[in-house]
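Have a look at the structure below before the remarks.
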Amino acid sequence: MSTAKIPEPDELMQIKYAPPQTAWMETPVDFRPGTWSYGAAAKNLAALDMPNPRAWQPSDADWKLPENWRQIILDGMKERLDKYRSFRLFMDICVRCGACADKCHFYIGSGDPKNMPVLRAELIRSVYRRYFTASGRCFGKLAGARDLTVDVLKEWFYYFYQCTECRRCSVFCPYGIDQAEITMIGRELLNLVGCNINWALEPAANCFRTGNHLGIQPGGIKDMLEFLADDIEDRTGVRVEVPINKKGADILFVTPSADYFADPGTYTCMGYMMLFHEIGLNYTFSTYASEGGNFGLFTSHEMIKRLNAKIYAEAKRLGVKWILGGECGHMWRVIHQYMDTMNGPADFLEEPVSPITGTRFENAKSTKMVHITEFTADLIKNGKLKLDPSRNDHVRLTFHDSCNPARAMGLFEEPRYIIQKTCDHFYEMAEDTIREKTFCCGAGAGLGNDENLEMRMRGGMPRAMAVREVVKKHGVNRLGCICAIDRATLTTLMDYWVPGVSVMGVHELVGNALVMKSEKERSTDLRGEKIGGS
Amino acid sequence: MTPNRRDFLKIAGASALTIMTPAIFVPAWAKNSIVMPPGQGLAPQKALAAKRWAMAVDLTKCTANCADCIVACHAIHNVPEFGNPKDEVKWIWTEPFASVFPGESPAYSGEKLQKMRPPVFCNHCENPPCVRVCPTKATFRRSDGIVMMDYHRCIGCRLCMAACPYGARSMNYRDPRPFTAKINPDFPTRTKGVVEKCNFCEERLAKGTLPACVEACRQKALTFGDADDPRSDIRRLLETRFSLRRRAHLGTGPQIYYLL
Amino acid sequence: MPMRNLGLAFVAVLLLALPAAAAAAADMTALLVVLPYGVFVLFLGGFVYRVVRWAKAPVPFRIPTTCGQEKSLPWIHNNPVENPAGPLGAIGRMAGEVFLFRSLFRNSQTEIVDGRPVYGSAKWLWFFGLMFHVSLLIAALRHLRFFTEPVVPLATGLSALDGFLEIGVPALYISDVTLLAGLVFLFLRRVVLPQVRYISLFSDYFALLLIATIAATGLLMRHFFPVDLNAVKTLAMGWVSFAPSAPADASILFYLHLCFVFVLIAWLPWSKLSHMAGIFLSPTRNQINNSRSRRHVNPWNAPVKVHTYAEYEDEFRDKMKAAGLPVEKE
Amino acid sequence: MKNNKWGLILLGLAIFVIGVTFPFWYGKEKTAPPALSLETPEIAGSADKKCVEDKAFMRANHMKLLNAWRDEAVREGKRIYTAKDGRTFEKSLTGSCIRCHSNKEQFCDRCHNYVGAKPSCFDCHIVPAEVKK
């Protein structure tokens, strides 16, 4: 793993917000260990037919760029200026009011002025001005323009991979300038010359080939799900079925693969399986479309589409009526904002109707994909589930709104409704840190790797500190979320900043509280921890 | 609808805004070299001047049912007649003796006193409460004792009306022009939202004539003059006759003396 | 040096005063016959060009920033403005942004207190920003009195409303005071806050200084060094009736005012000040969040290389069979 | 389903263009400054036909002069103004100005209307000619 030494929390909190003496154009980037991610391995680029596969690291002096790298980038910029109104507009209209500056978790955690969204965008805007505007061509620096050099490219790499595309800045920007859009385009440009990070590209390559980001093959998926079914039987005495690649199922269920491969996501997955069993849902998992999380989002729009295409293709092959999606953040950004546009229209599917309650999910009538919390909230509202929230009495919960469902979808009330019906001890964090103002885990958008740990801990600091406040005030011991990256990375974040708080998905609460027909007296929760004990 | 700053300020209660003096944008050069000519700046020769203007009302001469003073005053000052006691604007008016002098009406006073309605005015107090409360200094006291109003500055806050113990101030709740029978072009009207009151006819004094009410009184019941001048008529009257002042115990120092 | 941009902006504004002074001194008033048309064409043409340029780039995806609950299940109350489910909501959201600076109203300030970040309310930027923009609009509209005959009621009404405190003669306009206050705040903020100073470019200072100079020369003409308004109006009416004539004489202040105004108007669409048009096109604000209920079409959506199920099964068929998973081809 | 928003954009541009070109097509009655009438009996009867101060000064500064007069007369009781050339006048809008310029509509109003200035003087002060009407 990484050799970088991570400072202690107290040390990390000594954040210097004063900008450096040198102007930002004259301040070169410093690849300090612990603050950047490893470059993508050649094999992963090759697997995805991406340009310039080679052995390199960002800390190298020579990045082994193609001969005409500048022309490639500028051509790529031009193409994207013509293809994305957001990009062109956001290059032009920023007034540098700075309202976004202290809204970014990376700026709050690092104090690095280039992590202010406005300046992170200026890194690319300055190049835009130099090559695409008359004033920049004529007046150069006076007009805020600068040449595209290798140093500028390195700066882009460093800072566009210190942005988790969480869109918090966009909430506060008076023009809605969205750094996520700029970062996405910036990363696309970097990808054109082979500058990308392995933690985003390897999962993408895996997803492309095996269907899931960990590269687990079909048998492995089945084993893992069976293993979860064993665990469920052990806890509840009920044997749930494990339908995989089942033709003729009503519903295709897609969830991030981390849910069935890694704790604490597995407990959430057990929750889904118990729920589906209990309501008698005719559904199926898929091994081909075994990953909800779309690692293309961290690479390029094209890669989003390439990976996302599997979901509709598999739904068509299996002949299901509609698709249900598990708890995941960027998976839902892709499903909500991109899937139908990129790979639709899904006219081979039916408009989603809950087979249990008869509720039509009008809001998903074109994409035909329903969020699991929408589905479950509807079940609870219609009294279809018998729930015993006292089984979650050992959980003192707070809820982290994951960035993508929050700011790229607007999913706030559904998970809260489920939480309120399944858990009696729920405490919200400070208002400025939840809902549309929620803080990122600090490790989304491909940055959840270990070599980048210091930056993760810095970026996650605002979230962790908000948790620490409810821990102090209400004795919170569990952090709920509806995102697989959260479940993986918040665990590390909590261990660093707020030891003693563990992370869970909302459907783990459901699994605990769900009173199943013919279940045995439960003495433990899904984790095997004693119920009622604190 | 024409915007009206008085309405606005009334609604907003933003009287604090008006502390800014209106003259801040008159440049110094305009004040010094143009408006203040060298060697000038005094009243014209024939203007009446005094150290302390005061008026004596001889109640023994004042006759019932006579309104000559009121009519004359209201006519030259364009005082509107709204025909509605709620909106009434008045510079001179009458009141029952018992309410003019609430402390001076014994239980067994005779019919004469009970029926008497003495004329009442602004008292041009030595220590005027209306001046103290005015947030814009629209009401001010001149060195000759006249309590003056600068209508230009009035914002219609009505603090002066609340402060005056004599009810001597009236508010124009409506545009007064249509309710002014015959407009005297030599004296301005007021606008809606401006407070007004008796000014001791300072515009007439400046031209050398006595107040209109004094001139109009056929009984010669009103005597106007410099109370500070030992040789003045009013001073002699005050020295020889017994007089009452309205609510003098309040410390306002009223300058209308009622002779009995 | 971070302050270099500020210094350069000062110099630029001072340099701009030179042509005005020269015009006044050398009686080059003939320039006033043609120059305004050039400026106006740059302004109008510039904005049309910019907007068309933006509009030509498609909006491939539906990417509204959602700041409230989505419309989902009927019993869950959605936020129709912060997360619009229909066109009315989107219009309301845009109106909030354009007229009330809704997003800026959310502004907060992050500080580290006792070893943790706290988020305080920070509405001053919103307050002064809105005040500045509204004042600028009112001041611009008030000038219609010079360009219309008979004067449009909008101009007279605004002037009356704006001057209703009746402070001084001519009455002091409230919008002039608030405009200056807004400028002072925005300028000081840019100079004093180290972070904002660090990101400020030449054009950021230049825009503020230019508008400040325009306001200052205007105020000086109104309250201290009066100009012949009849001549001003005749000049302006000459322009709009395409019968321009140079003024007989005018003060240097008037030339300065005009010079700075011309620079501002001509530069406006080509600079960051084009945000006044750009905000209407911002895809994160003007879109409806209905991407799951209505398909959004991307005009350049092209096929991509995917890994098909058949390819997948070909690779894993034996393993799938071994695991007892169904396959398409035996 | 329509992705292209040209309709709305053209509408917005049209509103913008119509808005900023408003003065070009708004009705124009005249473009020359109004002629002021000095034909009043009082001026005809006066010997030197001179205003309080010279014409250029009065044109630019009459409002300031009146404002200063008003404060001097009302607040300080100083009612006599001595002009630069030594002539004296009563500081009075109706008493001095309007006595000569009794034709407010042909004198004051013409410029005030032309440049859109709306002084509040005549809300209270009265032009004798208008009372008789």
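These numbers come from a predicted model, not from an experiment. Chain letters run A, B, ... following the sequence lines, proteins first, then strands; residues in each count from 1.
In this structure, the side chain to side chain contact (heavy atoms under 4.5 Å, CB included) partners of Ala231(C), at least two apart in sequence or on a different chain, are Asp228(C).
Both the backbone and the side chain of Val152(C) come within less than 4.5 Å of a heavy atom in chain D. Proximity to chain D (any heavy atom under 4.5 Å) is restricted, for Trp239(C), to the backbone atoms N, CA, C and O. With a 4.5 angstrom heavy-atom cutoff, Ala155(C) does not touch chain D via any of its atoms. Residue Leu229(C) touches chain D through both its backbone and its side chain, counting heavy-atom pairs closer than 4.5 Å.
Along residues 39-52 of chain C, the residues that come nearer than 4.5 angstrom to chain D, judged on non-hydrogen atoms, are Phe40(C), Phe43(C), Leu44(C), Phe47(C), Val48(C), Val51(C), Val52(C) in order of number.
When atom types are taken as modelled, the side chain of Arg145(C) and the backbone of Val115(D) share a donor-acceptor pair closer than 3.5 angstrom. Proximity of a side-chain donor or acceptor of Ser282(C) to a complementary backbone N or O of Ile279(C) within less than 3.5 Å is not detected.
Residue Lys118(D) places its NZ atom among 12 or fewer non-hydrogen atoms of other residues, nucleotides or ligands, all under 6.0 Å distant.
Of all heavy-atom pairs between Trp69(D) and Cys97(D), the closest is CZ3-SG, 4.1 Å.
Using modelled atom types and a 3.5 Å distance limit, the side chains of Tyr114(D) and Thr234(C) yield a donor-acceptor pair. Donor-acceptor pairing under 3.5 Å is lacking for the side chains of Thr40(D) and Asn103(D).
None of Arg222(C), His223(C), Arg142(C) except one satisfies the side-chain hydrogen bond (donor to acceptor under 3.5 Å, both in side chains) rule with Asp176(C); the exception is Arg142(C).
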